[in-house]
2 protein chains.
Amino acid sequence: MNKEEEIRAAALKLFVEFGFHGTPTSKIAKEAGVANGTLFHYFKTKEDLIVALYNHTKDSLNRHLLETYNAENTLKDKMKNIYVSSLEWGLAHKPEFYFIQQFHFSPHLAKVSSEDIEKQTRLHVELLRAGISENIFKPLPAQLISSILGGHVYGVYQYLISTQLTPEKKAEMIEDTFGLLWAMLTK
Amino acid sequence: MNKEEEIRAAALKLFVEFGFHGTPTSKIAKEAGVANGTLFHYFKTKEDLIVALYNHTKDSLNRHLLETYNAENTLKDKMKNIYVSSLEWGLAHKPEFYFIQQFHFSPHLAKVSSEDIEKQTRLHVELLRAGISENIFKPLPAQLISSILGGHVYGVYQYLISTQLTPEKKAEMIEDTFGLLWAMLTK
DNA sequence: TTATAGATTGACTGATCACTCTATAAAATT
DNA sequence: AATTTTATAGAGTGATCAGTCAATCTATAA
């Protein structure tokens with residue numbers, strides 16, 4: 001890891017544990033093993049660091065989702081892959097997943113550029129559009145389908161991290177809950 | 001409003017807009033129209049204020065849910081009432097609803113006593129238990145049902161606040177989405 | 001009327017924090 | 001080899017903030 005990565009990793013760890021307020025930049029630098037000034041060489045301000053960390057984390061998630069994407073698949077399988085990959089990534093990267101949610105309910109969210117937002121929702125939006133034009137979903141507003149999907153992932157995730165199931169049982173739960181979701185949203 | 005309430009109202013408003021970090025106690029006192037010291041007369045520390053505000057807000061929501069509770073109703077209607085009341089309260093109290101979520105993804109959550117947590121989930125837990133013992137739900141873990149329910153409310157709420165629908169259309173959406181949820185969870 | 005307790009004030013303080021600045025080393029470019 | 005650019009360090013600074021404190025006011029009880 002180079003120093004920039006060290007700083008990001010340290011910031012993530014401390015933000016999740018102590019919140020944005022509770023973690024001074026000095027502690028981040030210390031945890032990262034760099035000098036105070038080095039942090040500000042890579043990130044102009046603390047807020048810059050927070051927003052950059054968010055975009056970087058979202059990029060990681062999106063890269064993981066794209067890995068399982070297969071244009072040959074049916075729409076249902078494409079959605080299932082995204083659903084499964086999202087939850088798997090969340091389980092394998094709990095601090096990162098928590099950080100994303102923490103960020104969403106912070107004033108820093110307003111600092112994310114609209115291009116970055118677009119980039120991070122493109123995949124979902126495309127899939128939903130396809131499903132609607134193929135007349136697969138129940139007659140509901142696209143935004144509502146998207147929100148319900150997000151809420152479902154959120155709810156199932158909360159459950160999965162609150163229980164100690166074997167990875168196999170977790171995979172099974174993810175399969176089953178996708179079945180519930182799909183049945184709820186499609187005709 | 002007495003001074004304690006003024007302080008809570010000011011804190012809520014500022015926390016939602018600027019985050020816990022971004023709002024100094026001095027600004028809260030000013031917004032509330034009281035002296036600095038008065039804030040610390042009612043709340044020993046800033047953290048105390050944050051946690052007290054959370055418990056107070058949750059109490060408001062719970063009181064509202066209990067208003068529509070009717071022991072005579074069927075289980076389905078009891079759940080529907082809670083679902084509808086939750087969303088209606090959220091729409092009528094956006095800052096309060098946002099604050100609850102913001103708090104959930106903050107380190108302050110750990111400071112809520114287990115009694116307070118129990119108090120605030122009792123109603124839901126009771127209903128779920130009843131549904132399970134009456135064999136109404138699909139064979140899923142109780143915790144999972146609860147999490148999916150929470151996720152569904154969360155998702156539908158995000159949709160409702162992101163669109164400008166008439167109150168009638170919103171009520172209709174709430175009805176419809178309860179139907180989806182109920183069909184998904186029951187046999 | 002007096003005594004006591006609680007409410008309210010706002011100036012003050014010690015600590016902390018984000019960020020700067022200067023110096024130096026390393027790397028890249030000419 | 002000379003020069004410019006980038007990386008790194010860490011002491012230093014001005015501002016800010018949570019919380020204190022002594023003084024005053026208010027209300028109730030004795």
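Letters go in sequence order (proteins before strands), and every chain restarts at 1. Every heavy atom of this structure was used, including side-chain atoms; hydrogens, water molecules and symmetry mates were not. Worth saying up front: this structure is predicted, and the values here are computed from it rather than measured.
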Pick out the pairs of N or O atoms, protein on one side and nucleotides 10-12 of chain D on the other, that lie under 3.5 Å.
unit_1: dG10(D); atom_1: N7; unit_2: Gly37(A); atom_2: N; d: 3.3

Excluding sequence neighbours, so at least two apart, what forms salt bridge (Lys or Arg N to Asp or Glu O under 4.0 Å) with [X]?
{"X": "Lys170(A)", "answer": "none"}
{"X": "Lys94(A)", "answer": "none"}
{"X": "Asp48(A)", "answer": "none"}

Can you list the residues that meet the side-chain hydrogen bond (donor to acceptor under 3.5 Å, both in side chains) rule with [X], with sequence neighbours excluded?
{"X": "Thr177(B)", "result": "Tyr83(B)"}
{"X": "Glu47(B)", "result": "His108(B), Lys111(B)"}
{"X": "Thr57(A)", "result": "none"}

Can we say Lys119(B) and Asp116(B) salt-bridge, meaning some charged N sits less than 4.0 Å from an Asp/Glu carboxylate O?
yes
Please determine if Glu118(B) and Arg122(B) form a salt bridge, counting it only when a charged side-chain N lies under 4.0 Å from a carboxylate O.
yes
What residues in residues 41-57 of chain A put a non-hydrogen atom under 4.0 Å from any atom of DNA chain D?
His41(A), Tyr42(A)
Pull out every protein N or O sitting under 3.5 Å from an N or O of nucleotides 14-16 of chain D, one pair per line with the distance.
none

Using a 4.5 Å cut-off on heavy atoms from C-beta on, say whether the side chain of Ile28(B) contacts that of Phe15(B).
yes
In whole angstroms, how far is the P atom of dA22(D) from the CZ atom of Phe40(B)?
17 Å
Between P of dG10(C) and NZ of Lys30(B), the distance in whole Å:
12 Å
Donor-acceptor pairs under 3.5 Å, side chain of residues 6-13 of chain B to any protein atom, not counting sequence neighbours: which ones?
unit_1: Arg8(B); atom_1: NH1; unit_2: Glu4(B); atom_2: OE2; d: 3.4
unit_1: Arg8(B); atom_1: NH2; unit_2: His56(B); atom_2: NE2; d: 3.4
unit_1: Lys13(B); atom_1: NZ; unit_2: Glu31(B); atom_2: OE2; d: 3.1

When both hydrogen-bonding distances must be under 3.5 Å and the geometry is Watson-Crick or G-U wobble, what is dA22(D) paired with, if anything?
dT9(C)
Is a side-chain donor or acceptor of His152(B) paired with a backbone partner of Ile148(B) at a separation under 3.5 angstrom?
no
Can you tell me if Lys30(B) uses its side chain to pair, donor with acceptor, with the backbone of Thr25(B) under 3.5 Å?
no
Identify, residue by residue, the members of residues 2-21 of chain A with a heavy atom below 4.0 Å from DNA chain C, and return them in order of residue number, or none.
none
Please report, to 0.1 Å, the donor-acceptor pairs under 3.5 Å made by any side chain of residues 124-144 of chain A, with sequence neighbours excluded.
unit_1: Ser133(A); atom_1: OG; unit_2: Arg129(A); atom_2: O; d: 3.4
unit_1: Ser133(A); atom_1: OG; unit_2: Ala130(A); atom_2: O; d: 3.1
unit_1: Asn135(A); atom_1: OD1; unit_2: Lys187(A); atom_2: NZ; d: 3.0
unit_1: Lys138(A); atom_1: NZ; unit_2: Met184(A); atom_2: O; d: 2.9

